[in-house]
Amino acid sequence: MTTDSPAARQPDVATAVDAYLSELLAPADEALAAALADSEAAGLPRINVSATNGKLLHLLALTQGARRILEIGTLGGYSTIWLARALPADGALISLEYSAKHAEVARTNLARAGLDKTVEVRVGAALDSLPVLADEGHVFDLVFIDADKANNPNYLEWAVKLTRPGSLIVVDNVVRGGRVVDPDDTEPDITGTRAALKFLSEHPKLDATAIQTVGVKGYDGFALARVKD
């Protein structure tokens, strides 16, 4: 049996609205469209941020006046392009990617976008790369975390160490289709997400919130934190 109730139509409506907003406010150019096409052709999972979320990251970086950005989780470089385009001529972005295959696709996409001199993609487990960044003396104005969710609390700990007062930290996928509030769901991605949100709520150096989102990527959300002065 089918129904035409607003609730039943909601997923389709949310996707249509997302497409409408993306076309108006975050239209794809050749580099962005090619990044998505090449990622799909290479068999990468279709878990990149949406166009409107990519534009949000871009605007956050611009508003922040970011000169140094850290991304944890490169995938095919789609979000990386959005972020790197917000940097000034002398800015730099370091993106950490576990998979060598994903990193290769991302580097090709970034080169096509003219960002290969701006972005450095480092391959390996992020929890191995993050201490190296600290030893090298990196300090970032914005950190975007979009990798394996089980390790989000660990990534946040390093994000605090690698930022300064006034820096922004963005954590993607913190609602997980509503699973985050299901007490019976103890999968690693959910327990990691809950622990990350608890970390954000309790850390004395962070002031944070979280926003639910709907659209082409389904029902999810992101957290945004500012490192306190």
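A side-chain donor-acceptor contact under 3.5 Å links D185 to the backbone of E187.
K198 NZ: 12 or fewer foreign heavy atoms inside a 6.0 Å radius. Atom CD of E104 is surrounded by 12 or fewer heavy atoms from other residues, nucleotides or ligands within 6.0 Å. No more than 12 heavy atoms of other residues, nucleotides or ligands sit less than 6.0 Å from atom CD of E30.
The one candidate from L83, L142, L130 that meets the side chain to side chain contact (heavy atoms under 4.5 Å, CB included) condition with L70 is L130. Each of R68, R164, R226 was evaluated against D141; a single residue qualifies, R164, per the salt bridge (Lys or Arg N to Asp or Glu O under 4.0 Å) test.
For residues 38-67, the salt bridge (charged side-chain N to carboxylate O under 4.0 Å, His left out) pairs, not counting sequence neighbours, are D38-R112, R67-D90.
Atoms CG and CG, on L36 and N48 in that order, are 5.0 Å from each other to the nearest 0.5 Å.
In the hydrophobic clustering (ILVMFWY side chains linked at under 4.5 Å, chained through shared members), L44 is joined by I47, L75, V105.
Residues meeting the salt bridge (Lys or Arg N to Asp or Glu O under 4.0 Å) test with E120, sequence neighbours left out: R122.
Below 30°, between 30° and 60°, or above 60°: for Y78 and W82 the angle between ring planes is above 60°, a perpendicular geometry.
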Take F199 and L206 through the side-chain contact (heavy atoms from CB on, under 4.5 Å) test and state the conclusion after the steps.
-> CA-CA 9 Å; F199 181 98; L206 298 177; 3.8 Å; yes
